[in-house]
Enquirer: 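Would you mind keeping the following structure in view while I ask a few things?
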Amino acid sequence: MRKHIQKRLLIAIPTFLGITLLVYLLASLAPGSPLEMMFMDSNATAEAMEQMEARLGLDQPFYIQYLRWLSQLFQGNLGISYRTGHAVWADISERIGPTLLITFSSLILSLLIAIPLGIMSAYKPYSGWDYISSGLSFIGAATPNFFAGLVLIYVLSVRLKLLPSSGMYDSSGVRTFGMLVQHMILPVIVLSIQQVGSFIRQMRASMLEVLQDDYIRTARSKGCVERTVLLRHALRNALAPVVTCVGNMIPFLVGGAVVTEQLFAWPGLGSLMVLSINSRDYPMIMGITVCIAAAVLIGNIVIDILYGLLDPRIRYS
Amino acid sequence: MENKKLQKSSYLRDVLKRFFHHKLAVLGLTVLALEILCVIFLPRILHLDPYSLDVMAFGAAPSAKHLLGTDDVGRDLFARLVYGGRISLTVGICSALIGLAVGVPLGLIAGYFRGPAEILIMRLADIFMSFPSMILILVLASVLGQSVVTITVVIGVLGWPEFARLIYASTLSVREKDYVESAKAVGTRNGTILARYILPNSFAPIIVAFTFRTAQAIITESSLSFLGLGVQPPVASWGNILYYAQSIAVLSFKPWLWLPAGIILILTVLSINFLGDGIRDALDTRMSI
């Protein structure tokens with residue numbers, strides 16, 4: 001197990017460095033140099049600009065600039081935002097929480113829906129439940145999450161006035177937990193719609209496979225109740241591929257969070273990303289991208305560990 | 001020669017038979033064919049104009065003159081929906097093609113030549129697959145500009161790892177086959193082996209991946225345009241028609257402005273997914289009829 005995790009970490013490090021290099025390259029391709037951005041509305045002299053250029057190291061070759069940026073990065077310094085003038089890290093750290101809150105909640109919600117549905121449709125293939133869940137997964141996969149969001153806002157917020165459609169709290173200044181939950185419901189549902197289909201399909205497929213194994217027949221023939229066979233014997237083995245599926249879903253979840261946060265004016269990293277792109281705030285764009293890369297890699301390692309816990313063959317190899 | 005022809009046509013017949021057996025796939029194909037015919041011919045037949053501004057009707061409700069009403073600058077929404085379909089479908093198909101064109105050769109090289117190329121290419125594919133492509137697309141689109149062409153290329157190129165992985169896996173298994181070895185023994189050049197023996201074996205999964213990728217690309221483009229970071233008005237796409245629904249007034253009181261584009265979007269993606277499912281079943285020779 002330890003070896004397994006070590007190997008994963010060894011792969012994660014070059015991946016992270018690769019992404020930082022890619023992001024730095026992209027940002028340096030962007031039109032408008034950092035100098036122009038900083039001196040946008042001041043009538044600075046050419047001399048002052050040259051001094052600034054030297055001070056920031058912009059006259060150095062590309063790889064030196066990159067290494068410099070990278071070492072700053074590891075010291076926790078992501079630079080200064082062009083847009084707000086704050087430290088990039090300060091703005092980002094404020095917004096990580098809300099994003100994690102809705103992405104995790106939606107992950108849990110969609111697993112809570114998908115696992116029972118998947119088990120039921122694998123237990124009785126081509127039954128009513130099976131058709132319902134495969135219909136659900138087809139429509140979920142085909143609905144762009146912003147459109148699902150628009151429809152939900154239209155029905156639940158505009159017409160029925162049941163749920164708020166934007167932000168984390170209302171403007172009254174009072175912040176209660178209940179209010180937070182109310183504001184979370186719609187974005188979390190929207191994010192779940194996108195994932196639930198592939199989880200159902202994966203759960204169904206792996207459950208179908210496991211149910212044909214010999215040890216299931218053994219369990220049945222020694223007189224186990226069906227409930228015990230399904231939940232005790234089959235579920236654990238059938239869950240391992242679903243865990244992998246969750247890992248594969250993380251990138252799409254993050255991508256979906258950008259659109260969903262923007263739609264619901266949720267104050268997370270995704271809406272900050274859109275804001276920063278609209279104002280060409282490159283230090284912020286780079287900072288967010290690097291943070292997301294780190295988060296995704298950590299997520300993948302956690303998934304690997306979980307997988308090892310579920311599947312002893314990996315743990316002991 | 002005669003015999004070979006006979007066999008080929010019966011394989012094709014089997015495939016078609018299996019495909020037409022899959023009712024949802026046939027439905028999907030029909031919907032898509034209709035859509036494609038509509039976006040090609042409707043503008044000519046009905047003289048649609050997605051750009052002209054009707055100064056008498058800003059944000060008008062559906063009427064005989066404007067079938068689906070007009071947007072807030074007086075452009076006919078039905079015309080924009082049809083022209084938007086042109087853009088959305090083209091972006092989807094072209095970017096899937098680009099992903100295929102980049103991914104297939106890379107996967108072939110990695111699987112056939114192995115060695116350092118394999119490590120480099122497949123590691124890169126892992127990196128791309130584990131990073132949210134939406135974020136990279138946003139960054140790239142902001143750096144390179146937001147024309148239809150750059151958006152197609154960006155979405156397309158970032159689709160390469162899926163194709164590369166598929167081809168890589170099937171190349172790995174095919175390259176060990178006896179007929180590849182015998183081709184090598186008689187001195188067939190690598191390029192010929194790749195084109196004649198290895199590529200045809202991956203045909204089925206590639207076609208299926210291509211359809212799913214097209215659906216994915218259409219969703220990506222529409223999400224991007226919905227954020228205002230994709231196809232820019234006045235050019236229409238299904239996504240940027242939906243952009244206006246971000247205003248709560250449009251969302252609440254003018255559902256004709258956003259509902260049709262969304263429904264067509266879902267219908268299209270569903271159809272493509274059904275089509276892909278049908279093709280997968282049809283090309284799978286182990287499936288019985």
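In this text the structure is predicted, and so the values were computed from the model without any measurement. Order of the sequence lines sets the chain letters (A, B, ...), proteins ahead of strands, with each chain counted from 1.
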Enquirer: Give a yes-or-no answer on whether the side chains of B/Arg123 and A/Thr15 include a donor-acceptor pair shorter than 3.5 Å.
Expert: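 Yes, side-chain donor-acceptor contact under 3.5 Å.
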Enquirer: Could you tell me which of A/Val254, A/Val274, A/Ile277, A/Val296 has the largest number of non-hydrogen atom pairs under 4.5 Å with chain B?
Expert: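 Result: the option with the highest number of such pairs is A/Ile277.
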Enquirer: Quick one: of B/Ile272, B/Val139, B/Thr220, B/Leu267, who has the most non-hydrogen atom pairs under 4.5 Å with chain A?
Expert: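 Sorted descending by pairs with chain A, the first entry is B/Val139.
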Enquirer: If I measure from the heavy atoms of chain B, does A/Leu26 come under 4.5 Å with its side chain, its backbone, both, or neither?
Expert: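 Its backbone and side chain both get close to chain B.
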Enquirer: Please flag which part of B/Leu259 lies under 4.5 Å from any non-hydrogen atom of chain A: side chain, backbone, both or neither.
Expert: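 Both backbone and side chain.
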Enquirer: According to the interplanar angle, ranging from 0 to 90°, do the rings of B/Phe274 and A/Phe138 count as parallel (below 30°), tilted (30 to 60°) or perpendicular (above 60°)?
Expert: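 The arrangement is tilted - the two ring planes meet at 30° to 60°.
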Enquirer: Using a 4.5 angstrom heavy-atom cutoff, name the option from B/Leu138, B/Ile248, B/Asn273 with the most pairs to chain A.
Expert: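 The candidate making the most pairs under 4.5 Å is B/Leu138.
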Enquirer: Under a 4.5 Å cut-off applied to non-hydrogen side-chain atoms, are A/Ile19 and B/Phe128 in contact?
Expert: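 A side-chain contact is absent here, since even the closest heavy-atom pair is not under 4.5 Å.
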Enquirer: Quick one: what part of B/Asp126 sits under 4.5 Å from any heavy atom of chain A, side chain, backbone, both or neither?
Expert: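 B/Asp126 has no heavy atom closer than 4.5 Å to chain A.
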Enquirer: Above 12 or not: heavy atoms from other molecules or residues under 6.0 Å from OH of B/Tyr243?
Expert: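 Counting neighbours around OH of B/Tyr243, 12 or fewer heavy atoms of other residues, nucleotides or ligands fall under 6.0 Å, so no.
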Enquirer: Drop me the distance from A/Ile153's CD1 to B/Ser252's OG, to the nearest 0.5 angstrom.
Expert: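 Here the interatomic distance stands at 9.5 Å.
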Enquirer: Given heavy-atom pairs under 4.5 angstrom as the criterion, report whether the side chain, backbone, both or neither of A/Leu22 touches chain B.
Expert: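 For A/Leu22, the side chain is the part near chain B, not the backbone.
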Enquirer: For the residue pair A/Phe147 and B/Phe226, establish whether any side-chain heavy-atom pair is separated by less than 4.5 Å.
Expert: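 Heavy-atom side-chain distance check fails, nothing below 4.5 Å.
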Enquirer: Out of curiosity, B/Leu265 CG to A/Thr143 OG1, how far, rounded to the nearest 0.5 Å?
Expert: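 Reported to 0.5 Å precision, the distance equals 9.0 Å.
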Enquirer: Answer with side chain, backbone, both or neither: which region of A/Val259 has an atom nearer than 4.5 Å to a non-hydrogen atom of chain B?
Expert: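 The answer is both parts of A/Val259.
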Enquirer: Less than 4.5 Å to any heavy atom of chain B: does that hold for the side chain of A/Val23, its backbone, both, or neither?
Expert: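 Neither part.
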Enquirer: Quick check on B/Phe131 against chain A: is it the side chain, the backbone, both or neither that has a heavy atom closer than 4.5 Å?
Expert: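 Both backbone and side chain.
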Enquirer: Any side-chain heavy-atom pair from A/Pro251 and B/Met129 closer than 4.5 angstrom?
Expert: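 In short, these two side chains do not touch, never coming nearer than 4.5 Å.
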Enquirer: Tell me, for B/Leu229 versus chain A, whether the close heavy atoms (under 4.5 Å) come from the side chain, the backbone, both or neither.
Expert: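 For B/Leu229, the contact with chain A is made by the side chain alone.
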Enquirer: Need one label for A/Leu150: side chain, backbone, both or neither, based on atoms under 4.5 Å from any heavy atom in chain B.
Expert: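 Both backbone and side chain.
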Enquirer: Which heavy atom in A/Pro144 sits nearest to a heavy atom in B/Ile266, and how many Å separate them?
Expert: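 Reported closest heavy-atom pair: CD-CG1, 4.1 Å.
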Enquirer: Who wins among B/Ala215, B/Gly228, B/Gly262, B/Ser133 for the most heavy-atom pairs under 4.5 Å with chain A?
Expert: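 Among B/Ala215, B/Gly228, B/Gly262, B/Ser133, the one with the most close pairs to chain A is B/Gly262.
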Enquirer: Taking side chain as everything from C-beta outward and backbone as N, CA, C, O, which of these in B/Ala245 sits under 4.5 Å from a heavy atom of chain A? Side chain, backbone, both or neither.
Expert: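 It is both, since atoms from each part get that close.
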Enquirer: What distance do B/Ser130 atom OG and A/Asn300 atom CG have between them, rounded to the nearest 0.5 Å?
Expert: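 B/Ser130 atom OG to A/Asn300 atom CG measures 5.5 Å (nearest 0.5 Å).
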Enquirer: To the nearest 0.5 Å, what is the distance between OG (B/Ser223) and CD (A/Gln262)?
Expert: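 Going from the OG atom of B/Ser223 to the CD atom of A/Gln262 covers 12.0 Å.
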Enquirer: Considering all heavy atoms of both residues, which atom of A/Ala141 and which atom of B/Val269 are nearest to each other, and what is their separation?
Expert: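 Closest pair (atom of A/Ala141, atom of B/Val269, distance): O-CG1, 4.4 Å.
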Enquirer: Between A/Phe252 and chain B, which part of the residue has a heavy atom less than 4.5 Å away: side chain, backbone, both or neither?
Expert: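 Contact with chain B is through the side chain of A/Phe252 alone.
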Enquirer: Could you check which of A/Tyr154, A/Phe16, A/Phe146 has the highest count of heavy-atom pairs closer than 4.5 Å to chain B?
Expert: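 Greatest number of close heavy-atom pairs with chain B: A/Phe146.
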